[in-house]
Amino acid sequence: MNDSSEQQIINIKIPLREENLREEVNFYRELRALFREHDKGTEDIDFVIANVEAELDKFRETRSVTLDEERIIAILQKHPYFKNPGTYPVRLLTLLKYLKSKGINMHYADIDIYIDRIVQKLDGVKKVGRGLYQKSRG
């Protein structure tokens with residue numbers, strides 16, 4: 001066991017937070033650049049980067065949109081159309097712009113489909129066309 005040619009494999013577990021996996025990868029890449037700058041070995045850091053990137057890929061596959069549905073519903077209910085519905089339908093694009101102006105991040109793939117499902121869950125709202133919703137009065 002004291003033989004220097006023998007390598008010991010250590011299984012390390014690095015705690016990762018799902019909400020900032022991209023920042024984790026960037027941190028380890030910057031750390032690797034520092035090691036290279038000072039002529040240090042980067043094999044261990046490369047191993048960690050590969051594991052974090054694998055976790056990031058797994059996260060992308062298992063999770064699509066991770067938005068706070070209750071918050072979006074609360075914001076949508078404050079929209080002028082839903083406060084005082086008219087005889088005309090409201091467009092999905094209008095609702096997406098409203099959510100963006102209220103601070104909801106719109107940089108997700110298929111955010112329109114996700115918001116479409118949420119809007120249809122609102123009380124008294126029915127879909128009357130492609131991207132058009134009407135709320136019944138009362």
Side-chain angles (χ1 to χ4, degrees):
M1 288 192 82
N2 292 337
D3 187 35
S4 62
S5 65
E6 211 176 288
Q7 290 184 350
Q8 184 179 8
I9 298 175
I10 299 174
N11 190 7
I12 57 172
K13 175 77 173 149
I14 298 173
L16 299 173
R17 298 179 56 147
E18 291 179 351
E19 58 268 3
N20 62 353
L21 283 176
R22 177 59 45 203
E23 287 84 11
E24 294 274 342
V25 171
N26 291 337
F27 168 76
Y28 287 116
R29 285 182 180 158
E30 289 176 20
L31 188 63
R32 179 177 56 190
L34 260 171
F35 272 76
R36 285 183 178 159
E37 185 178 307
H38 296 288
D39 296 327
K40 302 291 182 188
T42 60
E43 296 82 19
D44 295 334
I45 293 177
D46 290 336
F47 175 75
V48 171
I49 290 172
N51 285 337
V52 173
E53 286 176 339
E55 287 293 319
L56 185 61
D57 291 339
K58 200 182 325 177
F59 177 73
R60 285 183 186 144
E61 290 172 4
T62 58
R63 298 250 173 108
S64 53
V65 179
T66 57
L67 296 174
D68 186 11
E69 188 173 325
E70 290 82 24
R71 180 172 174 237
I72 291 174
I73 289 173
I75 292 172
L76 285 174
Q77 288 173 341
K78 294 177 184 174
H79 187 275
Y81 177 81
F82 293 115
K83 282 180 158 178
N84 186 19
T87 57
Y88 57 91
V90 66
R91 294 176 24 198
L92 176 62
L93 184 61
T94 304
L95 298 175
L96 289 172
K97 286 181 179 180
Y98 180 75
L99 289 171
K100 184 176 181 180
S101 72
K102 295 299 179 185
I104 300 294
N105 186 4
M106 293 289 139
H107 299 289
Y108 291 102
D110 300 326
I111 187 75
D112 55 334
I113 296 170
Y114 186 74
I115 299 299
D116 174 63
R117 290 184 193 140
I118 292 175
V119 171
Q120 290 183 47
K121 288 181 184 178
L122 294 174
D123 291 334
V125 176
K126 66 177 184 175
K127 192 169 185 172
V128 293
R130 185 174 177 178
L132 296 173
Y133 309 93
Q134 193 158 15
K135 182 173 181 177
S136 59
R137 292 180 161 257

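Keep in mind the model is a prediction, meaning the values are calculated, not measured.
- The line from CD1 of I111 to CG of N105 is 7.5 Å long, rounded to the nearest 0.5 Å.
- Partners of E69 according to the side chain to side chain contact (heavy atoms under 4.5 Å, CB included) rule, which considers only residues two or more places apart in sequence or in another chain, are I73, Y114, I118, K121.
- For R71, there are no salt bridge (charged side-chain N to carboxylate O under 4.0 Å, His left out) partners, not counting sequence neighbours.
- Residues passing the side chain to side chain contact (heavy atoms under 4.5 Å, CB included) test with K127 are D116, Q120, Y133, sequence neighbours excluded.
- Scored by the side chain to side chain donor-acceptor pair (under 3.5 Å) test, T94 finds no partners at all (sequence neighbours excluded).
- A distance of 5.5 Å separates CE in M106 from CG in L96, rounded to the nearest 0.5 Å.
- Applying the 4.5 Å side-chain rule to ILVMFWY residues, one finds L132 in the same cluster as V128.
- Taking D39 as the reference, nothing meets the side chain to side chain contact (heavy atoms under 4.5 Å, CB included) condition, with sequence neighbours excluded.
- Here L34 contributes atom CG and R29 contributes atom CZ; the two are 15.5 Å apart, rounded to the nearest 0.5 Å.
- Summarising the geometry, atom CG belonging to D68 is positioned 7.0 Å from atom CD1 belonging to I72; distances are rounded to the nearest 0.5 Å.
- Judged as a side chain to side chain donor-acceptor pair (under 3.5 Å), and not counting sequence neighbours, R36 has no contacts.
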In a table with atom names and distances, give each donor-acceptor pair under 3.5 Å that connects a side chain of residues 78-89 to protein atoms at least two apart or in another chain.
| residue | atom | partner | partner atom | Å |
| --- | --- | --- | --- | --- |
| H79 | ND1 | Y81 | N | 2.9 |
| Y81 | OH | Y88 | O | 2.9 |
| Y81 | OH | K135 | N | 3.2 |

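- Evaluation of the salt bridge (Lys or Arg N to Asp or Glu O under 4.0 Å) test over residues 87-108, restricted to residues two or more places apart or in two chains, returns none.
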